[in-house]
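Since the structure comes first, as structure tokens, the remarks are kept for the end.
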Amino acid sequence: MAELSVRSVLVTGANRGLGLGFVQHFLRMPKPPQWIFATCRDPKGQRELQNLASKHSNLLQCVGSAEVANPGSIKAAAAKVREHLGHSGLNLLINNAGMVKSKMLDAETLEDMTETYNTNTAGPLLMGQAFLPLLKKAAQESPDSGLSCSKAAIINISSIAGSISSFFGWEMIQATSYRCSKAALNMLSKCQSLAYKEHGILCVALHPGWVQTDLGAAPPTTVDDSVQGMLKVLSTLSEKETGAFLDWEGNVIPW
Ligand code: NDP
């Protein structure tokens, strides 16, 4: 199987959890990307990212311009990335940042629904729009005719909790606002795949497993295993999979 090889990648929510895991794994690759853009919104909570950036000149933090549901800060992040990339495009956009309100259905509020939807669904929409010119450029630069993550791709980190037919973990956690936001993210991924295919950009929704981060409660999978699995899956994707909903082991998840 071909190793995932990208010249440039952007990961949102990169200061902790899976986002930080992605950054660490990209840095450890035999042929690491020339540019790793790591966005995070909290300058205080990102010591590990700062530490990594001080050791790796290909890792760039976009701090303070990385609120994923804020069009102004997204535009600022896109301008900063464009400046660094010069004439080349961005190969891989990983929309990882996400939030959950672990409430019972009856306790959910308008604010919960709105904040969760803005972060988990509208954020990836706006990120995809803002970085589209750079993704298109990467696709145009590539000699490959098909679709792949090494060429140009949007990866939306979704959740099996958003699968209407599997309804994973309902007895354990209802989190309706989260489930709705991820079901909508799955639809967004499908729409992006249809709209961006002609530009040579692959789009998928990817469930990372149930992972030991601040977001997952007491899950079985480590960040390392999840990220390693997801990167392996990304390396295998082609036009056949664009628009799919997959998990970290490459299994298709029912909508
Ligand atoms: P964490 O809670 O560990 O990290 C979440 C990240 O998202 C943090 O960097 C956080 O930043 C960032 N974030 C949250 N809201 C915003 C926002 N409005 N703007 C910018 N950044 C934001 O979670 P995970 O690493 O576990 O989650 C990563 C992704 O994986 C999420 O999309 C989640 O839904 C998904 N997922 C996780 C599962 C698990 O078991 N862990 C299972 C299924 C899906 P800050 O530090 O500033 O809060």
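Counting starts at 1 for both ligands and their atoms, in listed order. Each residue takes its place number in the sequence, starting with 1.
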### Query
Can you tell if the side chain of Cys203 reaches within under 4.5 Å of the side chain of Ile201, non-hydrogen atoms only?
yes

### Task
State plainly whether the residues Glu141 and Arg7 are in salt-bridge range, i.e. N to O under 4.0 Å.
no

### Query
Does Gln212 come within less than 4.0 angstrom of ligand 1, counting non-hydrogen atoms of the residue?
no

### Query
Near Trp210, which atoms of ligand 1 are under 4.0 Å from a heavy atom of that residue?
40 (O)

#### Entry: Atoms in ligand 1 flagged as close to Thr119, the criterion being non-hydrogen separation under 4.0 Å
15 (N), 16 (C), 17 (C), 18 (N)

### Query
Do the side-chain N and O atoms of Asn186 and Ser189 include a donor-acceptor pair separated by under 3.5 angstrom?
no

#### Entry: ligand 1 atoms in contact with Ile157 (distance to a heavy atom under 4.0 Å)
29 (C), 30 (O), 32 (O), 35 (C)

### Task
Heavy-atom contacts with Ala97 under 4.0 Å: which atoms of ligand 1 show up? List them by number with element.
7 (O), 12 (C), 13 (N), 21 (N), 22 (C), 32 (O)

### Task
Pick, from Gly98, Ser181, Cys40, the option with the minimum heavy-atom distance to atom 7 (O) of ligand 1.
Gly98

### Task
Anything under 30° is parallel, anything over 60° is perpendicular, the rest tilted; go ahead and classify His199 against Tyr196.
tilted

### Query
If you measure from atom 1 (P) of ligand 1 to every heavy atom of His207, Arg16, Met99, Lys182, which option wins on shortest distance?
Arg16

### Query
Looking only at side chains, do Gln212 and Thr222 share a donor and an acceptor under 3.5 Å apart?
no

### Task
Any chance you could measure Tyr117, atom OH, to Cys180, atom SG, to the nearest 0.5 Å?
10.5 Å

### Task
Compute the minimum heavy-atom distance from Ser158 to ligand 1 and say whether it is under 4.0 Å.
yes

### Summary
Of Val227, Asn15, Asn120, Asn96, the one whose closest heavy atom lies nearest atom 31 (C) of ligand 1 is Asn96

### Query
N/O to N/O below 3.5 Å, does that happen between Gly19 and ligand 1?
no

### Task
Assess Arg179 against Phe168: is NZ or CZ under 6.0 Å from the centre of the six-membered ring, and within 45 degrees of the ring's axis?
no

### Message
Evaluate Ala69 for polar contact with ligand 1, using N/O atom pairs at a separation under 3.5 Å.
### Response
no

### Query
Which atoms of ligand 1 have any heavy atom of Ser159 under 4.0 Å away?
43 (C), 44 (C)

### Task
With heavy atoms of Gly209 as the reference, note each atom of ligand 1 found under 4.0 Å away.
38 (C), 40 (O), 42 (C), 43 (C)

### Task
Indicate yes or no for a side-chain donor-acceptor contact from Ser73 to the backbone of Asn70 under 3.5 Å, with no hydrogens or angles considered.
yes

### Query
Would a line drawn from the ring center of Trp248 to the ring center of His207 be shorter than 6.0 Å?
no

